2 protein chains.
Amino acid sequence: MPVKIAIVDDKASNRSIIKDKLLRHTIFEVSLTAENGKDFLDKMKILPLDKLPSVVLMDLEMPEMDGVDAVAAGSYLYPTVKFVMLTIFDDEEKIFKAIKAGAFGYLLKDESAENIAEVLIQMHENGVGPISPGIAHKILQLVQNNSISLIQKHIPEKDKTPFNLTEREQEILKLLVHGMQYKEIGNQLQISPNTAKKHVLNIYAKLHVNSKAQALALAYEKGLI
Amino acid sequence: MPVKIAIVDDKASNRSIIKDKLLRHTIFEVSLTAENGKDFLDKMKILPLDKLPSVVLMDLEMPEMDGVDAVAAGSYLYPTVKFVMLTIFDDEEKIFKAIKAGAFGYLLKDESAENIAEVLIQMHENGVGPISPGIAHKILQLVQNNSISLIQKHIPEKDKTPFNLTEREQEILKLLVHGMQYKEIGNQLQISPNTAKKHVLNIYAKLHVNSKAQALALAYEKGLI
DNA sequence: TTGCCTATAATCCATTTGGATAAGAAGGTA
DNA sequence: TACCTTCTTATCCAAATGGATTATAGGCAA
């Protein structure tokens with residue numbers, strides 16, 4: 001099956017250059033192009049499911065909504081889609097923000113414009129996010145400069161089931177936290193939405209809250225997630 | 001002039017395999033081999049200056065003195081020497097420690113044993129530290145998991161309003177995150193619940209979500225709060 | 001001045017929630 | 001066996017939410 005790609009760049013010329021390069025390989029199919037983040041998200045919303053791209057090549061600097069925001073929203077709304085930044089910027093701030101926002105890879109145009117296709121094929125084969133050597137090198141330097149630090153997450157671990165939630169309830173809480181509604185939860189777990197709702201209400205009772213929003217707030221605050 | 005290399009590995013077989021591979025290219029010259037960190041530092045001390053290696057290929061796990069300690073000491077004593085880790089370990093802790101200690105590159109044996117020579121030539125040409133794609137990918141994930149954080153040396157900078165939310169909208173998002181409903185928000189801000197709702201819907205549009213739960217999830221995940 | 005953006009407010013309507021309550025099936029336990 | 005918990009499903013109803021649209025007022029900029 002073909003690999004579906006989306007291209008987001010404010011310059012029409014860039015879009016067509018990239019598209020041409022990709023289409024030289026028959027594996028690729030360009031299912032969407034957009035000229036900024038907002039345009040991209042709008043078009044994604046009305047895209048038929050079978051056209052959902054598996055990879056999005058995203059420019060960083062764009063009018064209306066830039067690449068960072070687009071990746072932030074997009075990686076949340078479409079968790080299965082891989083976002084690869086393809087840009088000319090290599091300053092630390094931008095790299096860091098983009099990665100933080102959920103970028104799966106980060107390529108510099110001048111380094112890799114020639115062989116985008118090959119890089120994407122590799123990524124498709126070994127599941128490893130593509131990173132330009134220059135970027136990787138910069139990250140290394142950030143670490144060495146103490147600009148970056150490893151945060152040790154101390155997990156209470158021995159925390160017995162919080163609030164006496166049953167296994168099923170915890171499972172459902174996890175989905176709840178992703179903003180799903182009863183229907184979707186039911187779907188996901190292969191149970192009736194009514195059942196999903198019942199579980200959710202049971203969770204409310206145990207957490208002593210009475211709305212999704214409150215449950216999420218508590219879950220996040222107490223680190224139940 | 002030739003590129004002088006040092007090879008540090010506790011297994012004699014590894015040393016000779018790597019050495020053979022390098023010597024196939026006439027640019028390389030192996031000026032030193034050692035079987036652990038201590039051995040390496042000792043030999044460096046008595047090495048004539050004109051034999052000083054420009055690159056050290058360093059194994060991580062070794063008896064007596066391991067790669068991390070050797071790099072830490074070596075990169076201090078010989079600042080011009082580039083230390084490249086060449087190992088089979090890819091766990092976060094080790095990667096991070098080695099980089100922190102001053103490693104200039106980090107290669108996984110199984111990924112790049114075949115083309116060590118090419119990678120080193122590239123490094124010599126463009127001055128960029130070599131990193132295996134798998135390692136780069138791991139670092140990316142560390143950043144995304146919030147296990148790593150960028151330490152802001154200066155002021156957090158006027159962090160650009162995320163998603164172009166207006167001040168009022170950010171204010172309302174904060175209340176939203178506490179699980180408040182329209183009525184309560186209106187109450188809190190001394191505005192009509194209708195207005196509160198209008199703001200909330202505007203926020204949804206900007207975040208490209210369509211429920212409180214989703215907005216909260218996004219806000220928490222991306223740290224907008 | 002005209003136009004744009006923001007904040008404010010309201011209405012209509014469909015959908016989604018939250019709350020209460022009932023009840024069957026499966027599993028473990030006293 | 002009788003009892004308890006959990007997971008499952010359902011229905012009724014009221015409240016809250018989401019979506020679309022309209023409208024007014026103030027501030028700011030071309």
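Just so it is clear, the values below take in all heavy atoms, side chains as well, and ignore hydrogens, waters and symmetry mates. Not measured: the values here are computed from a predicted model. Letters go in sequence order (proteins before strands), and every chain restarts at 1.
Atom-to-atom, CD1 of B/I203 to C1' of D/dG19 comes out at 16 Å; the value is rounded to the nearest Å. Nucleotide C/dA9 holds its C1' atom 13 Å from the CZ atom of B/R168, rounded to whole Å. Between A/H199 atom NE2 and D/dA10 atom P there is a gap of 13 Å when expressed in whole angstrom units. Atom-to-atom, CD1 of A/I185 to P of D/dT8 comes out at 12 Å; the value is rounded to the nearest Å. For B/Q214 and D/dG18, the CD to P distance is 10 Å, given to the nearest whole Å. If you take CD of B/E167 and C1' of C/dT6, they are 11 Å apart, rounded to a whole angstrom.
For DNA chain D, no neighbouring residue in residues 187-194 of chain B is found when judged by any heavy atom under 4.0 Å.
For B/D66, the side-chain hydrogen bond (donor to acceptor under 3.5 Å, both in side chains) criterion is met by no residue, not counting sequence neighbours. For A/T87, the side chain to side chain contact (heavy atoms under 4.5 Å, CB included) partners are A/D59, A/L60, A/F89, A/Y106, not counting sequence neighbours. In this structure B/A72 satisfies the side chain to side chain contact (heavy atoms under 4.5 Å, CB included) test together with B/A101, sequence neighbours excluded.
Listed by first then second residue, pairs satisfying side-chain hydrogen bond (donor to acceptor under 3.5 Å, both in side chains) with a partner in residues 209-218 of chain B read B/N210-B/Q214, not counting sequence neighbours. The stretch residues 181-208 of chain A participates, sequence neighbours left out, in these salt bridge (Lys or Arg N to Asp or Glu O under 4.0 Å) pairs: A/E169-A/K206. Residue pairs meeting the salt bridge (Lys or Arg N to Asp or Glu O under 4.0 Å) criterion with at least one partner in residues 77-87 of chain A, sequence neighbours excluded, do not occur; the list is empty.
Across every non-hydrogen atom of A/A219 and A/V177, the tightest pair is CB-CG2, 4.4 Å.
Rounded to 10°, the helix from C/dT1-D/dA30 to C/dA30-D/dT1 has 40° between the axis fitted to its first five pairs and the one fitted to its last five.
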Mark up nucleotides 25-30 of chain D, 5' to 3', with B wherever a protein heavy atom is under 4.0 angstrom from a base atom, S wherever such an atom reaches only the sugar-phosphate, and - elsewhere. ------

Per-nucleotide protein contact along nucleotides 13-30 of chain C, 5' to 3', at a 4.0 Å heavy-atom cut-off (B base, S sugar-phosphate only, - neither), is ---SSBB-BB--------

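Using a 4.5 Å cut-off on side-chain heavy atoms (C-beta onward), A/T166 and A/H199 make no contact.
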Would you mind writing out the side-chain donor-acceptor pairs for residues 35-42 of chain A within the sub-3.5 Å range, not counting sequence neighbours?
residue : atom : partner : partner atom : Å
A/N36   : OD1  : A/K38   : N            : 2.9
A/N36   : OD1  : A/D39   : N            : 2.8
A/K38   : NZ   : A/D42   : OD2          : 3.1
A/D39   : OD2  : A/E35   : N            : 3.0
A/D39   : OD2  : A/K43   : NZ           : 3.3

Taking distance alone, no hydrogens or angles, what donor-acceptor pairs closer than 3.5 Å link side-chain atoms of residues 185-193 of chain B to residues at least two apart or in another chain?
residue : atom : partner : partner atom : Å
B/S192  : OG   : B/N194  : N            : 2.9
B/S192  : OG   : B/N194  : ND2          : 3.3

